[in-house]
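Working notes, beginning with the structure itself.
If you're wondering where the values come from, they're calculated on a predicted model, not measured in any experiment. Below, read A as the first sequence line, B as the second, and so on, with proteins coming before strands; counting in each chain starts at 1.
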2 protein chains.
Amino acid sequence: MVSIVDVAKAAGVSNKTVSRVVNGEPNVKPATKTKVEQVIRELGYVPNMAARSVRSSRSYTFGIITDFISTTPYSGDIVRGIQDWAEQNRLTVLLANTNDDRDKEREIWRTFQSHRIEGVLYVSMYHREISPSPGAVSIPTVLVNCHPEPSNGYPSIEPDDYQGSRDLTRHVLEHGHRKIGYLRLNPRLLGAEMRLEAFRDTVREAGLSEADIDIRLGMEGPIGAETNLVFEETRKMLSGPDRPTALMCGNDEIALQAYLAALGLGLRIPEDISIVGFDDFRTVSLALKPELTTAALPYYELGYRGAERLTKLIEGQDVPSDRLALPCPVIARGSCTQEPG
Amino acid sequence: MVSIVDVAKAAGVSNKTVSRVVNGEPNVKPATKTKVEQVIRELGYVPNMAARSVRSSRSYTFGIITDFISTTPYSGDIVRGIQDWAEQNRLTVLLANTNDDRDKEREIWRTFQSHRIEGVLYVSMYHREISPSPGAVSIPTVLVNCHPEPSNGYPSIEPDDYQGSRDLTRHVLEHGHRKIGYLRLNPRLLGAEMRLEAFRDTVREAGLSEADIDIRLGMEGPIGAETNLVFEETRKMLSGPDRPTALMCGNDEIALQAYLAALGLGLRIPEDISIVGFDDFRTVSLALKPELTTAALPYYELGYRGAERLTKLIEGQDVPSDRLALPCPVIARGSCTQEPG
DNA sequence: TTGTATGCGTTATCAC
DNA sequence: GTGATAACGCATACAA
């Protein structure tokens, strides 16, 4: 492998001069610079990051720790956001996965330390509370799509489930709906509480009473092995004579099942019943007919801005607030329209 | 940061001895070893990979190049497979994303070279033909979920779309169906051809005639911005008096829309019409009621075994065949049952 | 504007 | 079994 000395020899200059050219430092005569650049191209010289890192004790590398990837589709977008930011700032990204295993996690922190990682993005694949177990030497860390237990104060960045659900509820109300059904997410998910809470608060503000809303549990049980009540609950809810004109779902997967149940009952969407979801799982939300009105989880932004926060943290700039919430914008599509009555 | 010399001093031995202990080399007296290990723990010493890499010119690092993550849900499982293999073999994984941009890709190869990566997994997010543009110095590379243009012979590993579709078709035939509809994937996808081909071959072998099958285009146009014909085509196909008793779909997303269309027509699944998909996008296949019979894309295995192949390649072992196809197992669930007639 | 000497943390060599 | 010393490729300090 060709080194800086090889280039220096071939160009008839010292290695320091080559170093200057490579790193864009000043005080190099244009002619020398051109010559060196030419030799670099001819020899196919690529700087050795490891050597650079040893000497300068900077690795220009971020680490990503994920818990499990596959539970949520599109959560890979978080990683993509991080990568884009990294690329724009000439950073490299190391990736590791814990599979939710504490021993593995400890091992990963060690590996990251051995690579002298400058910072870590701790990425959860669903929104939740978390307690990372870093090694003895602490590396600057930002939590993405999760937040720390109150005791240990990592900075974090997460979706604003409350705002998303509130805006979605308003969207439904603005379309004239006054009888609204609600299918709850698995209560074990952090988002479940916040979304339901926002729904309750918002319909109350709009003057609806308990009799106007019909809240039912859609899923329950351990994550990844939950009991699914959506289909039956939807059928029950929509079979009665006094059925709601709009149905809000804890997420898009629940919305999908609500579609199937409604259709099976001979109901048309949105003519007979408006339906909205949450998350914007595009394989679902765009495949449904009519396409699903929902609130988008800002996965990409979570990653991108999480990486941005981490950089600020490393550089010692003050990080504005410990927990940062990113908006979940309402994506209005065809499944929620004006209440017919 | 504590270095090997600090440990050596504290333990009253030479740095070489510490090195021996750290790397599990022989010729160290047990007592010495214990002593050194204790000091390492006390001081919290973690070896510096960069320095190790400089000296030994081995990086113990793999690179992953992906094209775009978000188009296909669960494709992150490929990455997870790679990570698991890497972890088991004490390898670190660098991640980079091209966004399908050639310049960016070139940049990534350079970055990987500068890190003296030992091998690259080139991962496509949908099954296709590809031509990577490596740097001047070639790094051992394995293509995952794609294969090279015939001209350049990278080893590759991909799903066996043909086998999957064939077995799925047989599954349908075994349930007595003799009139079968088929909704095609976007022809621009590599899988589209192979799945359709397998379907055709298999029904022909079973003695069905052209009149017994009804093949229609479900999607067309550029990837990511396709025109969606599924809903209408399904309605047309299922509205006629002579409708098929089973409907095979190019993938699960198409199957989802077929469900909606069938249900909208007042048909029951599977009593009136059996439906099967392809891919096993679990957000769809498990959310549908009844759950979807489909063929699973072996994402995780693609990654895991791709990494395995890459290691063999690096170690100079002979890689059995240039293109390796992994089976797509049929996942029988409730959406395809015995033909009622 | 350019070059020399030194050191980063590790492994390799070879001597003891 | 163990240790001194060189060497890896680069950046830093300082000299010229």
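Taking the six-membered ring where the residue is Trp, A/F68 and A/Y126 present parallel rings, their angle staying beneath 30° rather than reaching 60°. Taking the six-membered ring where tryptophan is involved, the planes of A/W85 and A/Y304 are perpendicular, since the angle between them exceeds 60° and thus also 30°.
When the P atom of C/dG7 is taken as reference, atom CG of B/D6 falls 16 Å away, rounded to whole Å. Rounded to an integer number of Å, the gap from A/N48 CG to C/dT10 P is 16 Å.
Of the residues in residues 51-63 of chain B, B/V54, B/R55 come within less than 4.0 Å of DNA chain D through at least one heavy atom, sorted by number. Of the residues in residues 9-35 of chain A, those placing a heavy atom less than 4.0 Å from an atom of DNA chain D are A/K16, A/S19, A/N23, in numerical order.
In summary, the side chains of A/N97 and A/T66 do present a donor paired with an acceptor at a separation below 3.5 Å, with no hydrogens or angles considered. Between the side chains of B/T92 and A/H115, a donor-acceptor pair is found at a separation under 3.5 Å. Side-chain N/O atoms of B/E87 and B/Q83 include no donor and acceptor closer than 3.5 Å.
At most 12 heavy atoms of other shown residues, nucleotides or ligands fall within 6.0 angstrom of atom CZ in B/R90. Within a 6.0 Å radius of CZ in B/R305, no more than 12 heavy atoms belonging to other residues, nucleotides or ligands are found.
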One pair to check against side chain to side chain contact (heavy atoms under 4.5 Å, CB included): B/V13 and B/V39. What are the steps and the verdict? CA-CA 11 Å; B/V13 298; B/V39 172; over 6 Å; no

Stepwise, does the side chain to side chain contact (heavy atoms under 4.5 Å, CB included) test hold for B/Y74 with B/L297? CA-CA 10 Å; B/Y74 303 114; B/L297 246 22; over 6 Å; no

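Bracketed by its first and final contacts, the part of DNA chain D lying under 4.0 Å from non-hydrogen atoms of chain B reaches from D/dG1 to D/dC8 in 5' to 3' order.
Minimum interatomic distance between B/N145 and B/S124 (heavy atoms only, all atoms of both residues): ND2-O, 3.0 Å.
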